[in-house]
> 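Sharing a structure here in structure tokens format.
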Amino acid sequence: MRRRSLLLAAVPAGLVTLSACGDDKSPSSDASASASPSASAPPPPKIVDGPLPAITAGTKFGEKPVVAKGSGEPSKDLAVRTVIAGSGRAVAENDFIQANYLGQIWSSGKVFDNSFDRHRPLVMQLAQGSIIDGWRYALTGKKTGSRVEMAVPPQWGYGTSGNPQAGIKGTDTLVFVVDVIDSFNSKSSAKGKAVPQTDAALPTVGVNTDGDVPKVTVPKSDPPKQLVSNYVLEGDGAAVKADQTILCQFQGLVWDGGKTFQRTYGSGRLSQFSVEQMQQAVKGLAQGVTGKKVGSRVLIVVPPDLGYGDNPPSGGVIKKGSTLVFTVDILAAM
């Protein structure tokens, strides 16, 4: 069984399911990339540069670090140090980041979680309620390609309750080393190489990479009877696996008339969904992204038997027997 990250706040960390791809753009369907903290949020922590324990091995970006046990008393403030300065885009609050990390307890040096051993970086949103606040404050403003070490007091971690499952007490300060691989916001899009669209029987899809809605032109002919999953822009990332969660931009249209029923492009949101859970909602969409490379834009045409069949969402443009057309920009996978 794949282990779930312990970093998540009380709300399950940004693993937002695109439930049933219905016609209304409910908050449960899309993750906001421009949300604001609530008015009741406590003031931000004071950020200091130490003390922080030494990284004794695995000192290069991408290597699993070995971190010494904390010495003496940790700071009551949030201690943050940029160990390796990246040169990529600066991360903003409410962005999604892709990162590898290791977490351990200051007083004992016990490692309670790390993604390096799983060989699957975590994809998470730096938003209040989606991730522990220590990360949210420590990583905002850091550039992709950076390695950041932080010591997080309980107030900015798991609070006075701790996390008993992980062996974290309510008095424990936590030490993290985080490699920030990439970041994404509502203007992110696929950046792959354009693939010729030569089949006149299929929709054509725009190849713009500015985060705006790619134009889709659906032909007047009858839709294909089988699932279609074609690259529009082919990325160079790893192929998506059936047990992964993807972060994406997407739009969904009905073949007949070409009317859009849902989209994230231009909405200020990104979508994050489990391929396994999507298999239960829109099977053709799950099958269409599986095996496709991260960084790609994919055209997916879903016949009724792999979509909603005779049970479409009520009150929308999807009818019984509708063929669905999706464009999906696969930004990241975890």
Side-chain angles (χ1 to χ4, degrees), residues 5 7-9 11-37 88-99 120-131 135-136 139-140 144 180-192 205-206 208-214 216 232-233 235 237-238 240 244-253 260-275 277-278 281-282 285-286 288-289 292-298 300 326-334:
S5 167
L7 284 170
L8 315 185
V11 179
L15 295 184
V16 179
T17 302
L18 182 64
S19 56
C21 277
D23 294 284
D24 62 327
K25 297 177 183 175
S26 66
S28 65
S29 296
D30 303 305
S32 171
S34 58
S36 300
R89 190 175 76 87
V91 176
E93 187 173 359
N94 296 305
D95 281 0
F96 284 82
I97 65 167
Q98 183 179 45
R120 285 190 177 182
L122 188 65
V123 178
M124 73 204 86
Q125 190 179 19
L126 291 184
Q128 186 180 19
S130 292
I131 197 72
W135 274 55
R136 184 163 63 95
L139 296 179
T140 296
T144 56
V180 184
I181 299 168
D182 208 345
S183 69
F184 311 94
N185 60 26
S186 61
K187 297 296 289 182
S188 296
S189 66
K191 299 293 185 183
V205 181
N208 56 295
T209 59
D210 54 5
D212 287 340
V213 187
V216 177
V232 176
L233 299 171
V240 174
Q244 289 189 296
T245 292
I246 69 167
L247 178 69
C248 66
Q249 294 265 30
F250 85 101
Q251 64 180 321
L253 308 90
T260 300
F261 59 85
Q262 194 174 33
R263 74 183 187 202
T264 60
Y265 302 101
S267 70
R269 294 184 294 270
L270 296 176
S271 187
Q272 195 171 14
F273 67 81
S274 158
V275 178
Q277 291 180 4
M278 184 54 68
V282 182
L285 181 55
V289 298
K292 290 296 188 280
K293 298 174 186 176
V294 172
S296 299
R297 176 172 298 160
V298 184
I300 301 170
F326 292 96
T327 69
V328 183
D329 283 20
I330 306 171
L331 303 177
M334 64 169 280

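Just so it is clear, the values below take in all heavy atoms, side chains as well, and ignore hydrogens, waters and symmetry mates.
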> First locate atom CG of Asn94, then atom CG of Asn185, and finally report the distance between them rounded to the nearest 0.5 Å.
10.5 Å
> Which of these passes side chain to side chain contact (heavy atoms under 4.5 Å, CB included) with Gln98: Thr144, Leu122, Val123?
Val123
> With sequence neighbours left out, what residues match Ser183 under side chain to side chain donor-acceptor pair (under 3.5 Å)?
Arg89
> For Thr209 and Ser189, indicate whether the former's side chain and the latter's backbone hold a donor-acceptor pair under 3.5 Å.
no
> Compare every heavy atom of Arg269 with every heavy atom of Gln249, then report the nearest pair and how far apart it is.
OE1-O, 3.7 Å
> So, taking the atom named CG in Asp95 and the one named CG in Leu139, what distance separates them when rounded to the nearest 0.5 Å?
11.0 Å
> In sequence, state the C-alpha distance, the side-chain angles, and the governing distance for Ile246 and Met278, and then conclude on side chain to side chain contact (heavy atoms under 4.5 Å, CB included).
CA-CA 11 Å; Ile246 69 167; Met278 184 54 68; over 6 Å; no
> So which heavy atom on Ala190 is nearest to which on Gly295, and how close?
CB-O, 3.4 Å
> How close do Arg136 and Gln128 get, heavy atom to heavy atom, and via which atoms?
CD-N, 3.4 Å
> Got a second to check how far Ile131's CD1 is from Gln125's CD, nearest 0.5 Å?
10.0 Å
> Distance-only, no hydrogens or angles: does the Thr260 side chain make a donor-acceptor pair with backbone N or O of Gln262 under 3.5 Å?
no
> Could you measure the distance from the CG atom of Leu247 to the OG atom of Ser188? Nearest 0.5 Å is fine.
8.0 Å
> Minimum heavy-atom separation for Ala333 to Gln244, with atom names?
CB-OE1, 3.9 Å
> Quick check for you: to the nearest 0.5 Å, what is the distance between Ile330 atom CD1 and Cys248 atom SG?
8.0 Å
> Measure up the Phe261 and Phe326 rings against each other and bin them: parallel (under 30°), tilted (30 to 60°), perpendicular (over 60°).
perpendicular
> Should Val91 and Leu126 count as side-chain neighbours, where that means a heavy-atom distance under 4.5 Å?
yes
> Without hydrogens or angle criteria, can the side chains of Thr327 and Gln251 be said to hold a donor-acceptor pair below 3.5 Å?
yes
> Give the minimum heavy-atom separation between Leu331 and Val294, together with the two atoms involved.
O-CG1, 3.4 Å
> So, for Val205 and Pro214, which heavy atoms are closest and what is the spacing to 0.1 Å?
CG1-CB, 4.1 Å
> State the CG-CZ distance between Leu270 and Phe250, to the nearest 0.5 angstrom.
11.0 Å
> Are any of the side-chain heavy atoms of Val298 and Val289 separated by less than 4.5 Å?
no
> Can you find a pair of side-chain heavy atoms, one from Asn208 and one from Arg297, that are under 4.5 Å apart?
yes
